[in-house]
Structure formats: C-alpha cells, structure tokens
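Presented below is the structure to which this report refers.
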Amino acid sequence: QVQLVESGGGLVEAGGSLRLSCAASGRTFSSYTMGWFRQAPGKEREFVTTISPSGTRTFYAVSVKGRFTGSRDNAKNTVFLQMNSLKPEDTAVYYCAAKQGMTTSGNSGYYDYWGQGTQVTVSS
C-alpha cells in the first residue's frame, strides 16, 4: 500500500513557476514508476509526465515538454514536478500517481495509487 500526498500548488501569474511535491509512504518507493496527471474543470484527467523508478527516464506530454520537469528523490520518498513558463491553460488539479514496476504509459488506468491532488491556478 502506498499513500501519496501532494503539495506546492497555488496561484501564479502566466510566465511564472511552481514546484509541486508528492510525498509517498512505504518502503518500496524506489520500485514504483511515478506519474503526474492533471484535470481541468469539465475535462478528463490527462497525462503530464512519468518518471521511472530510478528517476533516469522521464516522458512528457507534448503540451508540457520543455516547460515541465519531473524528478524524484528516492532517499526521501518524494517526487517533484517543476513547472516553468506557466500558461493559463495549465490551470488544473494536479495529481501524482504510482505504478508498481516500470511503465512509460500515460494511461491513468494503469496506475495503482493516487494522491488527493493540489490546485494550480495560472492567471493571465
């Protein structure tokens, strides 16, 4: 069982930056692929990035590539999402998720555990 708690969301102006964190419980954090997803009002949940168990491989949605960076610190059971050059269309609730083993999938149905989400609002 893995419990995930996101933090770091807030209100930021367009062009600004935020860094989200997701703290995970459990001893086997380093065996999980971690993902970040987001859901805007009235829209389906969408993939943002995946981070391999070792943290050496990351995959991004086209909409965020070059602006967002996913990373993890396995010693601290924490995964991060650095978001730069934020746009109003990045406004959403951001969720971290965990999947046992390695996956590059952006399909939210593949992930086993989810956090409660943190709100990111980008003003124009």
Legend entry - For T103, side chain to side chain contact (heavy atoms under 4.5 Å, CB included) partners two or more places apart: T33, K99, S105, Y110, Y111
Legend entry - side chain to side chain contact (heavy atoms under 4.5 Å, CB included) involving Q119 - partner list, sequence neighbours excluded: T91, V93, T121
Inset, instruction - Can you measure from OG (S124) to NZ (K87) and round to the nearest 0.5 angstrom? - result: 14.0 Å
Legend entry - Residue pairs involving residues 111-124 (criterion salt bridge (charged side-chain N to carboxylate O under 4.0 Å, His left out); sequence neighbours excluded): none
Legend entry - All pairs passing salt bridge (charged side-chain N to carboxylate O under 4.0 Å, His left out) where residues 71-85 contributes a residue, at least two apart: none
Inset, instruction - Might you point out which heavy atoms bring M102 and S52 nearest each other, and give the distance in Å? - result: SD-CB, 3.6 Å
Legend entry - side chain to side chain contact (heavy atoms under 4.5 Å, CB included) involving S85 - partner list, sequence neighbours excluded: R67
Legend entry - Nearest heavy-atom neighbours spanning A92 and A40: CB-N, 3.8 Å
Inset, instruction - Kindly write out the residues that satisfy side-chain hydrogen bond (donor to acceptor under 3.5 Å, both in side chains) with S31, not counting sequence neighbours, or none if the list is empty. - result: Q100
Inset, instruction - Examine distances only and state if a side-chain atom of E6 and a backbone atom of Q116 form a donor-acceptor pair shorter than 3.5 Å. - result: yes
Legend entry - Any donor-acceptor pair under 3.5 Å from S21 side chain to F80 backbone: no
Legend entry - From W114 atom CH2 to F37 atom CZ, the distance as rounded to the nearest 0.5 Å: 4.5 Å
Legend entry - Closest non-hydrogen atom pair between P53 and S30, with its separation: CB-O, 3.2 Å
Legend entry - disulfide (SG to SG under 2.5 Å) partners of residues 80-124, not counting sequence neighbours, each pair once: C22-C96
Inset, instruction - Please write out which residues are connected to V12 in a hydrophobic cluster, directly or through intermediates, given that two of Ile, Leu, Val, Met, Phe, Trp, Tyr count as joined at side-chain heavy-atom separations below 4.5 angstrom. - result: V2, L4, L18, L20, F29, Y32, M34, W36, V48, I51, Y60, V64, F68, V79, L81, M83, L86, Y94, Y113, V120, V122
Legend entry - salt bridge (charged side-chain N to carboxylate O under 4.0 Å, His left out) contacts in which one or both residues fall within residues 45-63, not counting sequence neighbours: R38-E46
Inset, instruction - Tell me, please, which residues at least two apart from T56 pass side-chain hydrogen bond (donor to acceptor under 3.5 Å, both in side chains). - result: S54
Inset, instruction - Not counting sequence neighbours, which residues clear side chain to side chain contact (heavy atoms under 4.5 Å, CB included) with Q82? List them please. - result: S17, R19, T69, N84
